[in-house]
Amino acid sequence: MLHATDPGLVRLVGAAHTVGAIGLTLAVLGALGFATPFLVAAGSSALVWSMVLTGPREGEQAVTHALGLPAALLAATAAVLLAPYPAVSGAVFVALLFVTVYVRRYGPRGTALGMNAFQMYFVMQFVPLSADQLPRLWAALAVAFGCGALVRFVLLRTSPDRSFARLRRSVRACLGDVAEALAALADGGAAAGRDRSRAGRLTPLRRRLRRLHTCALMLQDGVEECAVPPVAAQVRTRMTETDVRAERLVVMLLRAGQQGDASAEDFAHHLHLPGPGPRAAGAAGGGDVLAARLRALPDTLARGATTARTDTEALAESSQAPAAAPASARPGYGRTTDGPPPRSPRPPECPPAVADAHQALTDFEQAAAGLREAFRWSPGTRTGPAPRAQEPAPASGPAAPPAPARPEPGPEPGGLRRPTTRAAVQVACGAALATVGGQLISADHWYWAVLACWMVFFNTSSTGEIALKGSRRVAGTLVGALVALLVAAPLAGHPWTALVLTLVCVFGMAYTAALSYTAATFFITLMIALLSDLLGSYTDGLLLVRIAETAFGVLCGVVAAVVVLPRATGRRTDALLADALRALADAVTETARRLTSPAADPAPDGPVRAAHTADRRVEELARSLTPLVHPVAPHRTRRRTSLYVLGLLETCAYHARVLAVEAGRGAPGGWSRSPAGALLEERARTLAARLEDLAEGRPGGPPLPTGGGPRAWTPTPDEARVLMHVRRMDDDVRAVAEALPAGRAGRPGGEPV
């Protein structure tokens, strides 16, 4: 469960880094005889720095870590020296806030250094130290950074190889979760169907498929760092195929549980669009055998049985990447190996929908077995086959379909239009207001209001996101204060117990920060109460001040976001939706290029890479739509429309993944001599142009034709499947165009927030 819910154990490892750095820092300083204020300052420094230090590679993290100590020393020294001058100290505080947000334009390093400097200045506001104690403070901070480096780069070192190994275990756990959900569905039977709503039966499958998809995206991002290109391409392709086969299996089960002759792809929407969806069990005629296979699926995946020799085994024995056989040479949907197609153990006489479900289950088992074989290589060795030399393209044959015309991107906006500059100005204005109001609420704890104002701008890009994050911070503070009233007072006089609980709160905050901002704020508030206990300054009134300062700071942040250089949520989603649509267009074009052009890149994962980019763009759009689709969003019509549009785009991304897998199964230009090639090229060009038009806010053209090609020509099953997915994707794109206001590609459901 831990591997399935925390892909790659990213949150667990991050929390372990934070707690380990703090624990080691406190142990060393305690052994050296440092007083409590120095322990609090150094522990806070270790806490903040462990959470904000990020980077794609260990070397870059080490450089950033080395630069972090001077930044922390300068900020802490300035805070101590300016403490006797409240007006100057407050002005510097606001200026530092501006700089902290402004330097985010320089990437993870600028963000980390800015946050480190600001947080150290903030921490020194409630740690009473004088100028003559600065040398011991510098020593304590140096110990904190040294302990943090020891934990991150030695004791709990996280290399790309280890991260990828954890991701592999997470993928296996997610596959097991999907299998268990399907087995539970088979065991539920008709009685469970009467006791539970349709939404309740489909929700576990949706959630577990989403976890598997998240793991797949993360694994594809990380494999480049620890594998040679041919092996990375093999793993990436196998992972995408397994992800697609799992989703298609659920689609076929949905279809098998219904009456009628609806196409399987009609049910693909039920996994993404809002609503309960149809019943996914109880198919008649062969349903008992299918249920038995579903119940045995967890054991089948655990054994990893495969009936044929995989491409990965051949890959390990030769020095060349495997040459994929043409699609027409592989009968059976979902074939991942050479040799005879796997036979589905299904009754000889059963409805076509149930037979298709049996075949989909076999395909999923085969894809999972192929992925297991692809995982056999050792990341640490970094050995693998040499990349296959690209053969010269033949003189004849159709050329690759050109990408649709796209306007050249203009220069990045400058001045106040730059996102980081706009956010920095907003933060500075909000912090100035919070400083004045916070002083009126409490002259000793005014900085809490400034901190709350700043935090609502961190990792947010629109007014709606800022308002939503502010509400979550207030809710977490309220709950944390209520719990602190019951916990902090009884711990007065028990410093070691308070210290242990503080470390527990640190772990909870670090572990839940990426999952729930409300939970992270709860742990922060409880931790502040425990730290006040350690400093001997805790009172019940302190928690009331904390609540008031937090609420006022959030209000100042929201007011600044609305009044000063506002950026509405609708304009943010405009840009992200256009990016997602263009990425989908690129994915379709890449698939058509590989299938129809012998001159296409021989690497089989080109379409998979394009589909992966489209998935990431749709994810970014989903995050930006969070304020619009939140259950308490005030505009109900806009919420329904946003969920509908997002579901359609996720379905389009699913079709793009299927097309990428189909394109990677054959050699480049495998359709160049078939009438299907010209038809696919035409339809892909039309679909890509429609996506581009929608991204630019222009209406699309007529739908793709259902027929086409020579009358005497009959497409193969593989060709018919690819053309069908292109047409289904076109249907979804036209539905998106109908749901959006005319000329506003990224503003679903009405006016912006």
Side-chain angles (χ1 to χ4, degrees), residues 3 7-8 56-58 158-175 212-245 301 304 306 308-325 330 334-339 366-391 590 594 600-613 615-616 657 660-668:
H3 274 283
R57 296 177 178 84
E58 283 185 293
T158 303
S159 64
D161 296 341
R162 294 181 181 179
S163 297
F164 187 79
R166 288 194 293 266
L167 274 173
R168 291 191 303 183
R169 290 193 289 271
S170 292
V171 168
R172 294 190 184 104
C174 288
L175 286 173
L212 176 61
H213 183 55
T214 300
C215 278
L217 295 180
M218 294 178 63
L219 184 137
Q220 293 177 61
D221 287 334
V223 69
E224 287 288 351
E225 296 293 330
C226 48
V228 293
V231 175
Q234 184 81 353
V235 172
R236 189 182 295 108
T237 302
R238 295 292 195 196
M239 184 69 256
T240 303
E241 184 171 11
T242 304
D243 185 20
V244 166
R245 299 296 179 248
L301 294 184
T306 180
R309 172 191 163 105
T310 66
D311 289 338
T312 308
E313 292 174 308
L315 202 157
E317 296 174 2
S318 68
S319 60
Q320 293 184 343
R330 280 193 290 272
R335 292 286 296 121
T336 61
T337 63
D338 297 330
Q366 289 289 311
L371 179 63
R372 186 185 184 95
E373 294 294 332
F375 280 168
R376 284 187 175 181
W377 62 275
S378 174
T381 60
R382 297 184 181 275
T383 58
R388 182 177 58 180
Q390 182 173 348
E391 299 177 359
E590 185 65 29
R594 178 171 177 83
D601 187 351
D605 67 331
V608 170
R609 286 175 177 270
H612 175 78
T613 301
D615 273 317
R616 285 301 191 192
R657 291 195 298 275
V661 169
E662 293 298 321
R665 282 149 50 91

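Keep in mind that this is a model prediction, so the values were computed, not measured.
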Looking at [X] and [Y], what are the two nearest heavy atoms and their distance?
X: Leu301; Y: Ala368; answer: CD2-CB, 3.6 Å
X: Pro7; Y: Cys215; answer: CB-SG, 3.5 Å
X: Glu590; Y: Ala610; answer: CB-CB, 4.1 Å

*Side-chain contact test, heavy atoms from C-beta onward, threshold under 4.5 Å: evaluate it for Leu175 versus Leu371 and give yes or no.*
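Contact flag for Leu175/Leu371 side chains = yes.
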
*Of all residues at least two apart in sequence or in a different chain, which pass the salt bridge (charged side-chain N to carboxylate O under 4.0 Å, His left out) check with Arg172?*
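Applying salt bridge (charged side-chain N to carboxylate O under 4.0 Å, His left out) to Arg172 gives none.
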
*Considering residues at least two apart in sequence or located in another chain, which fulfil the salt bridge (charged side-chain N to carboxylate O under 4.0 Å, His left out) criterion with Asp615?*
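Asp615 satisfies salt bridge (charged side-chain N to carboxylate O under 4.0 Å, His left out) with Arg657 once adjacent residues are dropped.
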
Roughly how far apart are [X] [atom1] and [Y] [atom2], rounded to 0.5 Å?
X: Met239; Y: Gln220; atom1: CE; atom2: CD; result: 7.5 Å
X: Thr242; Y: Leu212; atom1: OG1; atom2: CG; result: 8.0 Å
X: Thr214; Y: Leu167; atom1: OG1; atom2: CG; result: 11.0 Å
X: Glu241; Y: Glu662; atom1: CD; atom2: CD; result: 8.0 Å

Any residue meeting side-chain contact (heavy atoms from CB on, under 4.5 Å) with [X], in chain and number order, not counting sequence neighbours:
X: Ala173; value: His3, Ala4
X: Arg616; value: Leu217, Met218, Asp221, His612, Glu619
X: Arg166; value: Leu9, Val13, Thr158, Arg162, Ser163, Arg169

*asked:* Donor-acceptor pair, distance only, cut-off 3.5 Å: does the side chain of Arg594 make one with the backbone of Ala663?
replied: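 Flag set: sc Arg594 to bb Ala663 pair under 3.5 Å.
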
*Asp243: what forms a side-chain hydrogen bond (donor to acceptor under 3.5 Å, both in side chains) with it, not counting sequence neighbours?*
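By the side-chain hydrogen bond (donor to acceptor under 3.5 Å, both in side chains) rule, Asp243 matches His213.
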
